[in-house]
Amino acid sequence: MMHDDHDHDHTSDGHGHHHGHSHEPGHVHPPQKDHDASPMSAYEVLEEAVRTLLVEKGVMTADEIAAQIDLMDSRTPSLGAKVIARAWTDSAFKARLLADTKAALLEMNIDIGTLAEFRTIENTADTHNVVVCTLCSCYPKLLLGIPPAWYKSLAYRSRVVVDPRGVLAEFGVHVSGGTEVRVHDSTADLRYLILPRRPAGTEGWSEDRLTALVTRDAMIGTAIPEVDHKAAAE
Amino acid sequence: MSAHARIATRFTIGDRVVVANRTTLGHCRTPWYLRGRTGTVAEVQGGYHDPERLAYHKPGLPMQVLYKVRFLQSDLWRAYQGPASDHLEADIYESWLELAP
């Protein structure tokens, strides 16, 4: 997009502009480009063509597509964190989650549909688990939402299977030699959710308080939930 | 495509299996780095529609049994630096597996 023909609203774009945006000489834009600043890629053109045809031919409606996008947007790591916190505080629920993840999620009104099956894998003192999809980007999307960009990167997908301890160390996770590291390559119909270990010092915490400790990466296996003892004491 | 089915299985938990070292034209779900490698069946995941047929708009039949196969990292990578107890697991369809000699 040319600088002199844009018409978007600069007051809410987070760029920190508080002036009237009068295009005074010397005005410098921040380096972040608009989302549609570059030409569409071949795949973007293909997606738009197929989507438009599907709607025109009555295979699906624009409303159905919008509803599916809304559904995906409603799935975020915070939803997964609630599930983990429930498992930490309710051992019967944890047993059900490990035995039949889909049914346990339904108890919490989370429906993951029928496109893929989920398995929950528990980290223990003996085994630290980490998930990858070397073939593409399989991920428990219907629980955690869209995967992070690094999860889909060639670097993560190729390196974590060869040198999992090295990659985990780059994420700040240092697994001792006495603990097995187990990599799960989600090659087929199953999606893997990691149940991290509940941090020490959280005895008696409420589910809500525990939920805040569970990050997206902890449910992939590239982080370990920790209590910020300094902050907790304040 | 999911909703796994109970169908006859060729291998059971604990079997030592070899992943076929073959090439295939078109889509498949067997990573190159596991072809020709030996592992142990850790779980029998049930029957699933065959992705190699699904990918070409076929019904994915006959169904394939999917196995979770556990490999020792030191069997996969000659230069693996971690402890001997480190493993990697992947889900492999039955048509890619043979009993290890």
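Not measured: the values here are computed from a predicted model. All heavy atoms count here, side chains included; hydrogens, waters and symmetry mates do not.
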Given that the side chain runs from C-beta out, which part of [X] has a heavy atom under 4.5 Å from chain A: side chain, backbone, both or neither?
| X | answer |
| --- | --- |
| Tyr93(B) | side chain |
| Pro51(B) | neither |
| Leu76(B) | neither |

Starting at [atom1] of [X], measure out to [atom2] of [Y] and round the result to the nearest 0.5 Å.
| X | Y | atom1 | atom2 | answer |
| --- | --- | --- | --- | --- |
| Asp189(A) | Gln64(B) | CG | CD | 11.0 Å |
| Cys136(A) | Arg29(B) | SG | CZ | 4.0 Å |
| Ile121(A) | Glu89(B) | CD1 | CD | 6.5 Å |

Using a 4.5 Å cut-off on heavy atoms from C-beta on, say whether the side chain of Gln45(B) contacts that of Arg119(A). yes
Do the side chains of His87(B) and Pro164(A) get nearer than 4.5 Å, heavy atoms only?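 When only atoms from C-beta onward are counted, His87(B) and Pro164(A) do not touch, as no gap falls below 4.5 Å.
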Is the backbone of Arg182(A) close enough, under 3.5 Å, to the side chain of Gln73(B) for a donor and an acceptor to pair up by distance?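 Here the side-chain-to-backbone pair does not exist.
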Looking only at heavy atoms, which two atoms of [X] and [Y] are closest? And how far apart?
| X | Y | value |
| --- | --- | --- |
| Gly177(A) | Pro83(B) | O-CG, 3.5 Å |
| Ser85(B) | Glu180(A) | O-CG, 3.0 Å |
| Asp91(B) | Ala188(A) | CB-CB, 3.9 Å |

Partner chain B: residue of [options] with the largest heavy-atom pair count (under 4.5 Å):
| options | value |
| --- | --- |
| Val132(A), Asp185(A), Thr187(A) | Thr187(A) |
| Val130(A), Thr127(A), Val162(A) | Val162(A) |
| Thr179(A), Val161(A), Thr134(A), Val175(A) | Val161(A) |

More than 12 heavy atoms of other groups within 6.0 Å of Tyr43(A) OH: no
Heavy-atom count around Lys82(A) NZ within 6.0 Å, excluding the residue itself: above 12? no
Derivation and outcome, side-chain contact (heavy atoms from CB on, under 4.5 Å), residues Arg165(A) and Asp86(B): CA-CA 10 Å; Arg165(A) 288 174 185 267; Asp86(B) 284 0; 2.7 Å; yes
